[in-house]
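In what follows, a single structure is set out as structure tokens and then discussed.
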Number of protein chains: 4
Amino acid sequence: MTRNLPAAHSSSTMRSLKERQREERAALILAAAQEVFTERGYYDASIDEIAARAGIAKGTVYLHFASKEDLLVALVEQQIVGFLSFVDQIIGEPLTVRARVEQILLNVYTRMQEQRNQVLLELNNRIGLTKSVIEKRENLQAHITQAMQRITALLEEGQRSGELDSTVPTPLLVATFVTLVSPSGYELLLISGQISPAQLAAYVSRIFFPRLAAPSLQQA
Amino acid sequence: MTRNLPAAHSSSTMRSLKERQREERAALILAAAQEVFTERGYYDASIDEIAARAGIAKGTVYLHFASKEDLLVALVEQQIVGFLSFVDQIIGEPLTVRARVEQILLNVYTRMQEQRNQVLLELNNRIGLTKSVIEKRENLQAHITQAMQRITALLEEGQRSGELDSTVPTPLLVATFVTLVSPSGYELLLISGQISPAQLAAYVSRIFFPRLAAPSLQQA
Amino acid sequence: MTRNLPAAHSSSTMRSLKERQREERAALILAAAQEVFTERGYYDASIDEIAARAGIAKGTVYLHFASKEDLLVALVEQQIVGFLSFVDQIIGEPLTVRARVEQILLNVYTRMQEQRNQVLLELNNRIGLTKSVIEKRENLQAHITQAMQRITALLEEGQRSGELDSTVPTPLLVATFVTLVSPSGYELLLISGQISPAQLAAYVSRIFFPRLAAPSLQQA
Amino acid sequence: MTRNLPAAHSSSTMRSLKERQREERAALILAAAQEVFTERGYYDASIDEIAARAGIAKGTVYLHFASKEDLLVALVEQQIVGFLSFVDQIIGEPLTVRARVEQILLNVYTRMQEQRNQVLLELNNRIGLTKSVIEKRENLQAHITQAMQRITALLEEGQRSGELDSTVPTPLLVATFVTLVSPSGYELLLISGQISPAQLAAYVSRIFFPRLAAPSLQQA
DNA sequence: GATGAATGAGACTTCATTCAT
DNA sequence: AATGAATGAAGTCTCATTCAT
């Protein structure tokens, strides 16, 4: 009696299957890491708990990430990339700068509320990601730089169009914006009690933009 | 003939001497701790290094602070208290809200530049000071609450006077302000390159206040 | 106005006065040490607490005892000497061996109940006094040997007189006796609930002596 | 043709294999701990030395025992359980109380001589096992209580049968017995020089039982 | 002589990382 | 590839002892 193998997959298919499985595994670990890092902070998070939460063994984590620091960096990078792609998408839309800024705020705050990730985790050293760590990682460095450039471009456009105060150095505007968008900023913003991401975005926008400028999102 | 006793240090003098020495020692340790915490973050800072930096033995640290956490809390408290006293002083002055806000910004940024302390270290969890830690310390908790109340009062006044947008919930304004004043915010602000604390304060103020509102500090 | 010094003591008087004060101090420390050692055991007892309990400074302890171990040894020695002198006194009395044994039991148990000391602390390693420690101290060694010799002599006499089983090697009888008289034995004996030292002594004697042998203490 | 899978270890076999290895490891550590605790006492024993003696790394100890105290408690429990099972076995035999007591003594002294363990380590606080420690451990507490109950039952039976003096409160007899069987008692008994466990058991029995009572072990 | 601040060796314990199975 | 037992560096904290005042 012969065994009927389910149609010999081409080696390339096999590889891509394995590849896919591997990536799924990595994503699973990253998700677990995100949870634990968020709950406990980088130092109090243990590889043991991350592995347990991902349903795998401790050693397996190291098949995907070379070290705990690497895991953090990968996580941060993932988030930056996600942020970057959203920004790239929004930035091309035919809206006022203010409207686009508000879209970004809304996206960030919504994701934060969903606890699904803490965007821009990395622009901020909340978890203990020291500058030296970032500097060692060229990729990460590059992604962060790109994100900052996008934001800079957007806000510069706002200054040129008069939506933003052009007497303030752009980098300062950028810094302010980033601060408002970072997790620690978000946490503080939450002090005001239950407030929806949309409201939060609108209010922050109102603070950020000259109060007499054009209206936005809400009432367009 | 009477013997002139050698100045018979009054017991109160003696006590205050020892007391003073003790406080100096504690201050020395706090300064070293500040340095190391700032350089390495709370977790990567070791008591060993703090002691070495202070020029004392490891055990001596524990004569003054019961634990590493205690050391951090004391440091944070010291800074909050300093911040609080400055705010209390400035808040009573007969100036516009904007002018007073700028004074505060100036003070904070100046001290940060001098590396002498990182004010509001605590309102932010940069170093890993978890919320649970703060909650255990009633004193610290109280001081933070007070500081927030002062800021809230000031900004509320600004909203009533029309200097600040009164349609934004005050807690949100407070959160934004605190974010801009916290170390992580400061670090970002520095991205714009060499800029003096005074300029920084002015620019941040310009962002924070409606651009068409009354002038301030600069040109009064 | 002249001060009237209280009659220049002769240097010898002075010396003996100082000597006496010194000894009092030492006794004070020993008493405190006894308390703390008993409450916490040797290792969990801290010099700090002993000094505090004696109402002196930590450093002062070291003016009287070279080390923590020394303090323990001195304490033990003090107790052995006290035990020895009591035994020497009782051993010469014209009583049956059993009666004298009961006197010793009574004395030991009474003192234990009074918590004032834990006689024979040292024949037993309850506190963690290791054999090696004892061996280093010739004096202590000698005192313990003497005490054992006195007990041995007494029990040998009992074996000769027929009060004790002469077919049992004397050292074994001695060991049994010492065990019953040591603190750990005493603690176990207390399990039986509230019982007076006198009762305890009588019962232990009854166990120790052949039940059909001559009567004793109790019943004349 | 069928493939003979390599013995397809049933999951239960696998588990029991790991389980067995784990237990062996734990036993190895306990043995090393026993040695070191015995040589140095609880406080002067270091985890470092225990690990070295077991031929493993320090951290490995903590994979099996949560703390140094836990290690001690486990050791003590192991011994109590062994003692208990032996007593349970012997207690049912159709022998005189005296014969059974002698069996117990013989067993205990033999094991002590073999240095393999120090039975009843725990009924005695030789190592510094404080009462408070025992009280925290319900299991240990329960085992000790059981052991005491067995001994109590046995000696009560002896009192009823006339082998033991019924005028002495049973708890006192129990205490005396336990004292003679505990490590510190054993050590003292050894003072009499080289003596076999059997002789020791016989002599102690002779002391413990009324000298005119029935003969025993020896001459059956 | 008395003090108690300072010292620093050393203890326990954690946990990222490795590697034999 | 996956596992998880083992490792051992490193950290926090204690406390006996010293010594300048």
Side-chain angles (χ1 to χ4, degrees), chain A residues 18 21-22 25 42-52 54-71, chain B residues 9 14 17-18 21-22 25-26 43-52 54-71, chain C residues 18 21-22 25 42-52 54-71, chain D residues 9 14 17-18 21-22 25-26 29 42-52 54-71:
Chain A
K18 287 218 168 168
Q21 284 183 340
R22 188 180 165 74
R25 199 69 123 171
Y42 180 67
Y43 283 90
D44 286 335
S46 75
I47 298 289
D48 251 324
E49 182 166 2
I50 292 171
I56 60 175
K58 185 167 27 171
T60 306
V61 174
Y62 285 85
L63 296 178
H64 295 266
F65 303 95
S67 69
K68 190 181 179 184
E69 193 182 290
D70 245 59
L71 188 49
Chain B
H9 293 296
M14 291 296 282
L17 175 64
K18 287 226 167 160
Q21 284 184 341
R22 187 179 168 74
R25 203 60 134 172
Y43 284 92
D44 285 334
S46 77
I47 298 289
D48 256 322
E49 182 167 1
I50 292 172
I56 60 176
K58 191 174 15 175
T60 306
V61 173
Y62 286 89
L63 256 36
H64 295 267
F65 303 94
S67 67
K68 190 182 178 184
E69 192 182 294
D70 245 59
L71 186 50
Chain C
K18 286 219 168 169
Q21 284 184 338
R22 189 179 164 74
R25 200 68 124 168
Y42 179 67
Y43 283 90
D44 287 334
S46 76
I47 298 288
D48 251 323
E49 182 166 2
I50 291 172
I56 60 176
K58 186 166 28 171
T60 307
V61 173
Y62 285 85
L63 296 177
H64 295 267
F65 303 94
S67 68
K68 189 181 179 185
E69 193 182 291
D70 246 59
L71 188 49
Chain D
H9 294 296
M14 290 297 282
L17 174 65
K18 288 228 167 158
Q21 284 184 341
R22 189 180 167 74
R25 203 60 135 173
I29 295 172
Y42 179 68
Y43 284 91
D44 284 334
S46 77
I47 297 289
D48 255 322
E49 182 167 2
I50 291 172
I56 60 175
K58 194 172 12 176
T60 306
V61 174
Y62 287 88
L63 293 178
H64 295 268
F65 303 94
S67 67
K68 189 182 179 184
E69 192 182 294
D70 245 59
L71 187 49

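Everything numeric in this text was worked out from a predicted model, so none of it was measured. To find a chain, count down the sequence lines: A is the first, B the second, and so on, and within it residues start at 1.
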Discussion item. Reading DNA chain F from 5' onward, which residue's closest nucleotide shows up sooner: Y62(B) or S46(C)?
Written reply: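 So the residue in question is Y62(B).
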
Worksheet item: When the nearest nucleotide of DNA chain F is assigned to A45(C) and to H64(D) on a heavy-atom basis, which residue is associated with the more 5' position?
Response: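 This one resolves to H64(D).
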
Can you measure [X] atom [atom1] to [N] atom [atom2] for me and round it to whole angstrom units?
X	N	atom1	atom2	value
Q21(B)	dA20(F)	CD	C1'	11 Å
L63(A)	dT17(E)	CG	P	14 Å
Y43(A)	dG11(F)	OH	C1'	13 Å
K68(D)	dT14(F)	NZ	P	16 Å
D70(D)	dT13(E)	CG	P	9 Å
F65(B)	dT14(F)	CZ	P	15 Å
I29(D)	dT7(F)	CD1	C1'	13 Å
L71(D)	dC12(E)	CG	C1'	12 Å

Discussion item. Can you give me the closest heavy-atom contact between R25(A) and H64(A), atom names plus distance?
Written reply: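 Heavy-atom minimum between the residues: CG-NE2, 3.3 Å.
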
Item to complete: List the atom of F65(D), the atom of D70(D), and the distance in Å for their closest heavy-atom pair.
Response: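 For F65(D) versus D70(D), the nearest heavy atoms are CD2-O, 4.3 Å.
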
Just to be sure I understand the rule, does [X] reach a base, reach only the sugar-phosphate, or reach nothing, if contact means heavy atoms closer than 4.0 Å?
X	result
A52(A)	nothing
A66(C)	nothing
A51(B)	nothing
T60(A)	base
R25(B)	sugar-phosphate

Quick one: pull up [atom1] in [X] and [atom2] in [Y] and give me the separation to the nearest 0.5 Å.
X	Y	atom1	atom2	value
D48(A)	K58(A)	CG	NZ	4.0 Å
S67(A)	L71(A)	OG	CG	8.0 Å
I56(D)	I29(D)	CD1	CD1	4.0 Å
L63(C)	T60(C)	CG	OG1	5.5 Å

Item to complete: Enter the inter-axis angle for the ends of the helix from dA2(E)-dT21(F) to dT21(E)-dA2(F) (five pairs per end, rounded to 10°).
Response: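 What I find for the helix from dA2(E)-dT21(F) to dT21(E)-dA2(F) is an axis angle of 10°.
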
Fill in: Polar side-chain contact K58(B)-dG11(F) base: donor and acceptor under 3.5 Å
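Not at all, since no donor on one side and acceptor on the other fall under 3.5 Å apart.
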
Practice prompt. Could you please name the option among dA6(E), dT12(F), dT13(E) that lies closest to any side-chain atom of I47(B)?
Written response: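 Closest of the options to the side chain of I47(B): dT12(F).
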
Worksheet item: How do V61(B) and I56(C) order along DNA chain E: which one's closest nucleotide is nearer the 5' end?
Response: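 The 5'-side residue here is I56(C).
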
Discussion item. Reading DNA chain E from 5' onward, which residue's closest nucleotide shows up sooner: R22(C) or A57(B)?
Written reply: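 First, find each residue's nearest nucleotide; the 5'-ward one identifies R22(C).
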
Item to complete: For the pair Y42(D) (side chain) and E69(D) (backbone), establish whether a donor and an acceptor sit closer than 3.5 Å, ignoring hydrogens and angles.
Response: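 Flag set: sc Y42(D) to bb E69(D) pair under 3.5 Å.
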
